[in-house]
Amino acid sequence: MFLLDVRYDPETCTITKWIKDSRCTPVREVYYPRAYISLEGKPDLRHLITSLPGVREVCSEKKSTFLGREPEEVICATVDPGSIYVTASMLEAKGCGLYNIDLDPVRQYLLEHCLFPVAKLKGDDPHAIDYEIPEFTSMNLSVLPAKERGIVTFDDPIRSIISGDTVIEDKDEAEMIGSMESEIAASDPDIILTENGDSFDLPYLYHRAALHSIDLQLGREKDVMLHRGARSYFSYGRILYKPGGYLLSGRLHLDASSFLFREGGLPGLVDLARITGIPLQELSRLSPGSAVTALQVNQALHDGVLVPWKRNLAEHWKTAEELLIADRGALVIEPEVGLHENVFEIDFASLFPNIMVNHNISPETVLCACCKDSRHRVPFTDYNICERRIGLIPRVIKPLVERRMAYKKRIAADPARAEEYEMKQNVLKWLLVTSFGYMGFNKARFGRIECHESITAYGREILLTTMELAESAGFEILHGIVDSLWVKGRDPEKLCELVTRKIGIPLELKGEFRWIVFLPNKSNGTGALNRYYGVMKNGKLKVRGIEMRRSDMPRLIINLQEAMLKRLAEAKTASEFYTRIPDAIQVLRQYTRSLLNNEFAPADMVFETRVSRSWDDYRQFNDRAAALQQYRQEGIEMQPGQIVRYIITDHRSKSYKKRVVISELSDENTRYDSTKYYEYLMRAAESILLPFGYTAHRLDEMMKGKIQWNLCEF
DNA sequence: ATCACCCGGGG
DNA sequence: GTGTACGGGTGAT
């Protein structure tokens with residue numbers, strides 16, 4: 001017996017717990033979330049609160065209103081979620097402090113009742129590492145529209161529906177939908193698994209059903225609801241598009257294309273749902289950053305710390321200019337361009353999370369008021385760090401690091417379940433990675449820019465120390481960045497041991513390269529920080545930064561670089577490497593010939609890129625703008641963050657119809673712009689061979705037979 | 001020359 | 001409702 005899902009209906013103020021036993025049944029309960037109000041020395045307001053809309057019960061409690069602050073008397077009110085924002089705004093206008101206003105009622109309920117998603121209802125602990133993942137029954141669902149070519153829209157009727165092992169087709173559309181519904185009702189799965197179900201299959205199905213006046217039900221109860229509307233948002237320095245989520249009642253719709261599902265699968269999601277308290281359907285649609293925030297909020301609530309309404313407006317956010325100065329010391333060792341033999345790569349494991357834990361970095365501990373003379377000072381900045389208490393962030397991160405390590409150990413120790421543990425540790429890795437960036441994010445609940453700075457400062461100091469240790473152990477340092485070093489020398493394991501002992505964070509030997517090529521910056525020839533390729537001792541290629549690593553590049557370019565590198569990778573030594581260069585150039589020659597003979601399939605020529613704005617917001621007319629206008633012509637309004645696919649047909653054309661063809665409209669007769677693709681081929685080859693004297697220009701001349709082999713030297 | 005615009009990371 | 005800042009490349013103006 002376990003808790004499959006929990007939902008809250010703000011209209012009726014009802015919690016619904018879906019409990020899976022031999023059957024899956026809803027258990028309902030009326031629940032009002034709690035809000036907290038600090039009067040800030042205006043006791044006369046107390047009576048007012050009881051009379052405000054939606055307020056039910058009022059009492060006093062002792063809570064901390066800010067991280068690191070002593071508990072004080074505040075007012076706790078249970079409030080109708082329907083009127084909470086109105087009430088909160090009124091009190092805010094009167095100068096009150098408002099807390100726990102926008103917490104998810106489901107999470108509040110679960111925390112108050114010591115429950116969590118996927119819990120066994122008796123004797124289960126959310127922090128347990130060894131627990132049983134229940135046997136979910138699952139069904140795959142996908143819908144195919146009847147359209148051979150061109151852009152699919154919701155106006156195209158359904159061709160077929162695949163639900164589980166059944167293919168429903170060759171029937172009237174309404175009948176197909178009906179068959180699917182009975183199929184789902186009969187097998188009664190706990191999970192409906194789709195690929196892109198949020199962005200296509202489910203909205204499409206509901207739309208088609210509505211046309212036949214069918215009130216579609218995919219859940220175990222009516223009430224299918226939209227999790228959130230589709231939206232574009234800014235993340236990771238770029239605009240991303242997120243379709244609205246389609247959530248079901250009593251049944252979990254999981255979209256396998258969502259980030260957390262891809263990275264962790266069902267085991268990773270279940271693990272995360274248990275520790276964050278976020279139900280699976282919502283959780284699968286969140287970013288790792290949101291999951292980290294959830295853990296921080298849980299910890300705060302557990303500690304009796306209230307969560308301020310609205311975002312964290314810390315006293316002092318640095319201007320862009322100040323930030324630049326603080327970051328100026330970022331430690332990077334410019335790589336030595338060219339070919340190197342027998343190189344070791346050594347990396348710190350989870351450097352930033354370990355720094356946060358080891359150095360107690362948290363918004364309330366960095367520059368705390370209570371330990372101005374603390375012995376703990378942040379390098380390069382002289383910020384003091386609290387000596388009296390361990391901060392919220394380390395208390396959240398430490399168990400995460402330990403949990404991940406425990407899973408990593410089990411991968412080796414328990415091969416039968418290795419895959420499951422791998423997925424769990426992988427999700428946790430993402431939480432740890434984002435926990436750092438979140439510190440510098442000015443909308444983070446518990447972020448603070450000084451924490452961000454402190455972490456990078458410690459990082460710099462650690463890498464510097466490591467370099468000194470390496471150099472005094474006789475190593476030559478070829479390249480270094482953030483948490484990694486590339487070195488030449490003897491006995492790297494011993495070095496790792498030494499550094500691990502001195503620093504207290506594991507330094508690991510990541511790999512040994514037979515040879516590695518650090519690539520130059522194409523514009524100024526200096527070492528580029530993250531462009532290299534090399535072959536490890538086990539024969540595996542490692543490539544970073546060049547075209548083949550980019551998701552927007554056509555298959556053609558990726559194939560070319562893969563083929564060229566495959567030739568080079570046959571070399572076991574540096575001197576063998578040089579003899580393979582002509583082979584690599586021969587590959588380029590073949591590609592060039594095929595290209596000019598129009599032998600490549602349109603599918604190999606497609607650029608795939610995420611647009612940052614809508615068609616009329618582009619200030620420059622480029623390939624993306626042309627593609628967007630073409631989509632629009634076809635009746636599709638692409639939103640910022642959505643992905644467009646196009647083939648370049650006439651790069652110099654000013655006409656959006658001539659310049660590119662969006663891939664949905666391309667066919668075997670599409671004529672690509674061979675001049676432009678030729679240019680891309682030369683440049684991609686240049687990316688690989690530039691350190692050896694082959695520029696795109698020179699390669700071009702070689703292809704055209706203007707230069708003979710013996711003239712090309714380096 | 002300068003600005004616009006897109007991508008990466010880890011495994 | 002939730003990652004920054006930056007390096008790198010290419011293309012438009």
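Remember, it's a predicted structure, so these values are computed and weren't measured experimentally.
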For a quick check of understanding: with a heavy-atom distance under 4.0 Å over all strands, which category does [X] fall into, base, sugar-phosphate or nothing?
{"X": "Q425(A)", "value": "nothing"}
{"X": "R550(A)", "value": "base"}
{"X": "K510(A)", "value": "sugar-phosphate"}
{"X": "Y680(A)", "value": "sugar-phosphate"}
{"X": "S287(A)", "value": "sugar-phosphate"}
{"X": "R659(A)", "value": "sugar-phosphate"}
{"X": "K542(A)", "value": "nothing"}

Taking only side-chain nitrogens and oxygens of S687(A), does any of them come within less than 4.0 Å of OP1 or OP2 of dG9(C)?
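Looking at the OP1 and OP2 atoms of dG9(C), neither is under 4.0 Å from any side-chain N or O of S687(A).
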Taking atom types as modelled, is there a side-chain donor on [X] or [Y] under 3.5 Å from an acceptor on the other?
{"X": "S290(A)", "Y": "T293(A)", "result": "no"}
{"X": "S350(A)", "Y": "K429(A)", "result": "no"}
{"X": "E453(A)", "Y": "Y383(A)", "result": "yes"}

Minimum-distance nucleotide (side-chain atoms of [X] versus [options]):
{"X": "R544(A)", "options": "dG10(B), dC7(B), dC3(B)", "result": "dG10(B)"}
{"X": "W430(A)", "options": "dC6(B), dG3(C), dG8(C)", "result": "dG3(C)"}
{"X": "N622(A)", "options": "dG9(C), dA12(C), dC7(B)", "result": "dA12(C)"}

dG8(C) and dG10(B): how far apart are their P atoms, nearest whole angstrom?
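16 Å, rounded to whole Å.
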Any side-chain to backbone donor/acceptor pair from N521(A) onto G527(A)? Under 3.5 Å, distance only.
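Absent.
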